[in-house]
Structure formats: C-alpha cells, structure tokens
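These values consider heavy atoms only, across backbone and side chains, with no hydrogens, waters or symmetry-generated copies. Each chain gets a letter, A, B and so on, in the order its sequence line appears, and its residues count up from 1.
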2 protein chains.
Amino acid sequence: MSWLISPNLALDELVAQRRAAGESIVHLGFGESRLPVFPGLVERLVAGADRNAYGPVAGDAAVRSAVAGYFARRGLPTDPEHVVVAPGSKALLLALQAAIPGDVLVPEPCWVTYAPQARLAGKRVFGVPIPAECGGVPDPDRLRETIRQARQQGYDPRLVVLTSPDNPTGTHAPPDVVKTLAMIAEEEDLILLSDEIYRDLVHDPAATPILSPAELARSRTVVITGLSKSLALGGWRIGAARFPDTAWGAQLRADVTGYASESWSTLAGPMQEVATYAFGEPPELLERLARDRGLHRAVARAMYDIVIHGGAECRPPTGGFYVYPDFEPLRETLAGKSVVGGESLQRHLLENCGVAVLAGVHFGDDARALRFRAATSMLYGATRAEQQAALDAPDPLAVGHVRAALDAVEAGFAELAGLSPCHPPPRSPALTGTPH
Amino acid sequence: MSWLISPNLALDELVAQRRAAGESIVHLGFGESRLPVFPGLVERLVAGADRNAYGPVAGDAAVRSAVAGYFARRGLPTDPEHVVVAPGSKALLLALQAAIPGDVLVPEPCWVTYAPQARLAGKRVFGVPIPAECGGVPDPDRLRETIRQARQQGYDPRLVVLTSPDNPTGTHAPPDVVKTLAMIAEEEDLILLSDEIYRDLVHDPAATPILSPAELARSRTVVITGLSKSLALGGWRIGAARFPDTAWGAQLRADVTGYASESWSTLAGPMQEVATYAFGEPPELLERLARDRGLHRAVARAMYDIVIHGGAECRPPTGGFYVYPDFEPLRETLAGKSVVGGESLQRHLLENCGVAVLAGVHFGDDARALRFRAATSMLYGATRAEQQAALDAPDPLAVGHVRAALDAVEAGFAELAGLSPCHPPPRSPALTGTPH
Ligand SMILES: Cc1ncc(COP(=O)(O)O)c(C=O)c1O
Ligand SMILES: Cc1ncc(COP(=O)(O)O)c(C=O)c1O
C-alpha cells in the first residue's frame, strides 16, 4: 500500500525548506495556531513527568473526568466512562473510522484528513457539497440525494463527518442546519462524527451560536475535540473523544480502545496530566483562551476584508482561523496568467507572490474552483516575542509584523486581480525563519 | 469491526482494580520496567515544552540524527533520512504491518501485539514454534516448512517478525541462528522486522552476544526500538524505526510516514527533545542504563532459580526482564487442581496464590501448554523510594521488599508443585497499592 503524506503537512515542510533557502513567504498554508504555550500548561507537563508507567488505554480516571466536565459545561452531560483520550484527535478519528462499519459521507470541501483516513479504513468516501451559508456540513438536500444514489449503487453510507467550526471555511453551521442534519440522521439511520476541535474558537457565540449535533441526535453522535487549536498545542498531541451513553456507544468505545491498545497504547502520562488541567478549564486558562480567540477573530476578519477587496467572494468567518475565498469573479483575468483551477492558483501565489495557501482541491473541492484556504493563524509572528506581542495587543492589526504580513498578502492578492504587477513581498525578518 | 483490548493491558487494569479493592497480588503480568525516570530526561522534557508546533511527521532533523547515531554505534551505520520516530514503537509496528504487503510469520510464542496488528492490517498470521535454544525467532527448519505450506495454500508469507531480546521468553537468539534466518530471508525473499526494543538490556553481552539481522540482511530488514524498556519510559511513548538504505527502504519509509501523517501526525515535540537526548547516549544516562540492566539481570535470574526450584523447565534468561517457565513436568499434579493449560494455570495463580502472570496462550503458544510469562520488572517496588532503593542496592535481592516479593512468588509456585498448601501471600505494603 502506498500513501502520500498529508498535503498540509507536506506544504508546511516545503515552506520551511524554501524559507531556510532564504525566500520570503507569508505562510497561510498550515492549520496551526502558532502562539506560545501558556505557562500553566508547562507546569503541568513537569508535574506529570513521573507518570512513566503505561496506565489505562483510554486515559486515567482524572483526565477522563476532566474531559467529561468539559463536555457537561457545553450542554453534553458525560460519564467519564464514555471518554477516551489519545495523542491527537487525528488518531481518534482514524480509530473511529476503522471501528464504525459502512461507508462515509463528508462535506465538500472538508479537512484534508477525513477522506484518506476513510480509505485507510477500507471505506468508500462520498463528498457532499456544503450549503451556501456555511462549511463543515453537507447541504441537507444533497445529503439525502447522495445517500439515495449511493444505496442504489449498493454502497452503505453510514457515517457523516461534521466539522464545527470548520476547517477549511472558518465558518460553522447555524443551529437550524444542525437540526435538519440530526433529523436526517434519525430518518436514514446514520452515525454523526462531530469534529468540534475548533468549538472554543467561535468568534462571537452571541451573534452566531453553536449547537452540537450530540445535543439532538444523542444516541448516534460521537464528538471529538482536542487542545491543538484552542490552546495552540498541536505539537503536544492531545485529543479526546466522547461516546454516546448507549449500549452501542459502549461497544464502539470498547472497539476504539481495542484499536488504541494495538496502536498508540495510551496518551503519554505527562500529557494526561496537562489534559486534566486544561479540560478542567481553570479561570487563568479561560482568560488566555479568550485572548487567543480575540486575536483569531481580528486577523481572520482582516483577511476576509482583504480577499473581498481583492475581488473574491467569501463566507464571513465565524470561528477558528481560516478564510476560504472564491476567486471565481476573476476567472477571466486569471486565465490570462494560466491560472485555471485550485492547483495553478496555489502555485501562482506561492511562486509569484510569496503567499502559501492550500488549494480547495486538497479539501476535496472541485479542481476547477478558484478557491483556497488561507490559515490566518500563521501571521502572528515567527518568534515567541512577536506572537506574544500580537496576543497582548489591544488591536493586533496595529502590531507592526502582523500589519506587514497582511499588507504583503494584500499586495499578492492585488496582483491576482491585475491591480498591480507581481513582486514577491519585501523580505522582512518577521516573515522568514523556520516555524518553531 | 470489533477488537478486544490487548490482554497484557487488560490484565494490568484487572490487577489494579483488585489491588484497589484491597487484595495482595504480586504482579508479574505486565511487561513494564517500573523504575523512576532519570532526572536528566525530565530536564529535556521541560526544555522541549515550547515545541508546540506540529513539525515534520518523521521527527525533526536533530532527533533523527540522534537515532541514526544510536544505530551506528551498534554496527548499523544509518542516515537520519532513514529514521522515523513515533509515540511508541507499537504505533510504528502497526504502520509497518499496514505498509508491507503480504502475510506475516511470527515466532510462537511472541509478544501479544504482533498478531492482532497483522489482523488489523488485513494480514494472515502464521505462527512458527521457537527453537529449543531461544525465543524471539522462528525455528529455521520449521520456518522453511511453514513458508512452503503457506505458499502451497495460496498465501503470500512475506514478513517475519523477530524479537531480540524477546518478550515473552527473556532470551535472545545466538548469532548463528540469526545468520541462518538472514540466509532464509534472502533465499525466500522475505522482509525481516526486527524488534530490538530490549537490545540494551542484554544481561551479559560478552557471554551472550547479540547480532541484529540488519547487519546481515541489510536491504531487507527494518529495525524498531524505543525507550520504554531500557529507560523505563513506557508512559512517555517514544519509539523509533530504521529503514534500509535502498529504494525499497525509502518507499517503505515514505509509506510509513504517510500512514503516520493520517494517524498520530508526529511524536510530541517535548518527547522529541527527550528522544534527542536519550538516543545521544550521554555518559550519565549510560551509567543509569547499566544499573537498570544489572537490576533486571539479578531479579530475572532469581526468578529463573525459583521456577526451576518449583519443578519447571525454563530457558535461562539472557536479556530484558522476563522468564518463561514450562510446568509440563508437573502436569499430573496440576491436573488434580483442574489446571490443564495456560489459562487455567494463570487463573489458579491469580485467584489462589496472589500471583499475576500472563499465560503462554496469550502469546500464541499452545493452549494446553503449562507455560506463562513472569515479568520480573514489576518486583522492584510499589513506590518511587522502593524502586530507587532496588536500583541503588549493590545486591537488589537483599532489599527487603524485593526479597519479600520473590519469597511470595516462591511460596505460590511451591503450592503448584504440591509442596505446601496454598495461601495468598501475606499482605505487605510493598506489594499492594495501585501502580502510580
Ligand atoms: C478539523 C480538524 N480536526 C482535527 C484536527 C487534528 O488535530 P489534532 O490531531 O492535533 O488533535 C485538525 C488539525 O488540523 C483539524 O483541522
Ligand atoms: C517486544 C515488544 N515490542 C514493542 C513493545 C512496545 O513498546 P512501546 O510501544 O512502548 O515502544 C513492547 C512493549 O511491551 C514489547 O514488549
């Protein structure tokens, strides 16, 4: 069997190499919150250092009850017995796809990893376009239609992956859409896999409330979450899953735990200690989270303004740190530069304008679409000091290196629109240097 | 799909529950080095705390070159490009089984995880009995015979898993046996997966030298290792793999990295920092490793004496912290206690004698065989202070709680031989208490 490396990780390595070779690139290509670690988390890592024994596969009682409390505070009362922690939510998603029988339905576009994982697990993948209002969910009508057709062809679509807020669109489904999907799940006997890793990064929960499908389709929804995004801990590898409180849920949890015991064994002890603290949500950590969220919101909105100004259409971002513009209005102009689809657009931006983005096609979107994901979290700075400054600033957009990066992106997109000749953005120490 | 939890982890949880309920059990059931973390490792964990970015899938350049150096010092010159690190060698073994096509041959008995992983990867598993002199390898003649038969039946045996030193037998193959196996690999076009996680725990390398098949069948051997055993870091989850320096090796490494990028993403940054230090083998760490090895040797040999004294047959242990006795000489006596095979022997020892072991059948051995694995590393003490005392003592067998545990085991085995009535060993604080 042969698999390609995940395209986002591959792009990240490519950008690091080019930067090491001296090129100046604004990296909007990798879905990572590049911010310093909160010191309280480091304290817990140290406190957990003597946890060098293997321990229970699903995580020890303390971490599982912290995760249960986390979910309970979000309208999802949870027994610690229904929780599993792991080295990253990605590992859990793979185990779930392996454990749940049948084929899988994913939104189109969606995060790069769902479809390859499904194929690793021997599943057939059906993409369903997202609705006009948001990403992360299949359009309900087209979902019904895809299921009908798939069944006619002898397939067994059983699992639907939902992402809220979403990667790549930076938006999340309004409660009404979630209700419709939960209803369809009941009618069609589907299982919902709700990826809520960006949940705590909804920009403005009062204006755009979030609803988990687990609140509605309780017995048929598995939720996953993690600390990579909300606490900028991607490199620490901490994820968690919540299983339904039913006999089926218990069996599925046993299967996932069985899989874990043949793969990663258990989440590293020191990381369990960290997770116990983090999912416990002490006030100082919530305060830090609120600042992260404010930063993500400000920069994502600025990027939204830039792409709209550059002539693209775009859903306004509502959560996380992504913007997903559509340069369809510029199709004719771009054709003149031999840019005719996602891949050529991505290449043009990287090679001619010093802007690294990931084309929509990598998220399962139409190859001809002039869409890409811009991960705005990469703009906070190359050094810890810069990142901290962005985090501490009352107006992050006024911080020098953030402003410079946004201006460089704006110049790159202006070239797309034919508003200015293309030159790579000026070299600035704020924009070079390898990540971490 | 439905999988059982790994039997060794399941037994560990069972023992923890029984101890929590107040029972006194000598735990010889879990393959873990239960010793304190070396302080220098904790320092590196802290130093690595700010590595919160995802980073390269295979591990960063520093950790890969530390691992390459580690192998080079063992007669295996290695380019850092041929190394992958991961959260545990178990995760790498699964990825390798998924990436290498064909069916798999494993020694009988062998570590509990190989066969379930093979089945997860869709492989057929062929067990080949071990030779008289050692475990961890298939008997060469029977290997040839099994391959012939399997091919006749239309199977495609391609991969052979070797463990040296071995879990469960605590022995390792003499160089001559390894040479024969490497020759068979060439003749039969096999791939060797050499699990060398216990390599640094060979008790007496001068008396019983170790040879890696990678020194002979260079182009067709993948080696895995990790820090769980040699540095008592099971709960930290650090493993590494070394791929052959050939086009095929490069492709396999790419496939494993591709798999990793859809599963665990990368080894946690702080753990990469630890691994860089540990695989660099600074003198203070080698000194600690030598003390660990001395302790493992002393206690494993004491256990060997006990089982021989108890009437069993047994290969003398040469590496790691296991003894694998065969109570066949007592079959008649044991039948009188309704003990007729591995499972009933394991149950009898746990329920009547307060000794937890894992029956040979869990390692793929004959269900009727009166064999089990005793993991002696669990005897060093329940608390950090006790473990440290065992580690520091010039004669660990003279340390009170170690002696008491060995005596309790001796009493339990004496009962098997009908030498004394069975009573559970006396309660001692040294033997109770849940593992951390
Ligand atoms: C939607 C989504 N889910 C899950 C993950 C995986 O995160 P982790 O494995 O770090 O928990 C990511 C990371 O990019 C993501 O964007
Ligand atoms: C033979 C053998 N290989 C590999 C492992 C896995 O170790 P880890 O996943 O902790 O690296 C073990 C642990 O019990 C083992 O005994």
| Under 4.5 Å from any heavy atom of chain A - which part of B:L35 | backbone
| message | Between B:Y380 and B:H296 (judged by ring centroids, cut-off 6.0 Å), do the two rings come close enough to count as a pair? | response | yes
| query | What's the spacing between B:F30 CZ and B:L28 CG if we round to 0.5 Å? | reply | 13.5 Å
| Which one of B:G239, B:S228, B:G234 has the most heavy-atom pairs closer than 4.5 Å to chain A? | B:G234
| So which of B:V46, B:L93, B:L45, B:L233 has the biggest tally of heavy-atom pairs under 4.5 Å with chain A? | B:L45
| query | Are A:N52 and B:R34 linked by a side-chain donor-acceptor pair shorter than 3.5 Å? | reply | no
| said: Pairing donors with acceptors under 3.5 angstrom, does anything connect the side chains of B:S33 and B:K229? | reply: no
| said: Counting heavy-atom pairs under 4.5 Å with chain B, which one of A:P270, A:A91, A:G269 comes out on top? | reply: A:P270
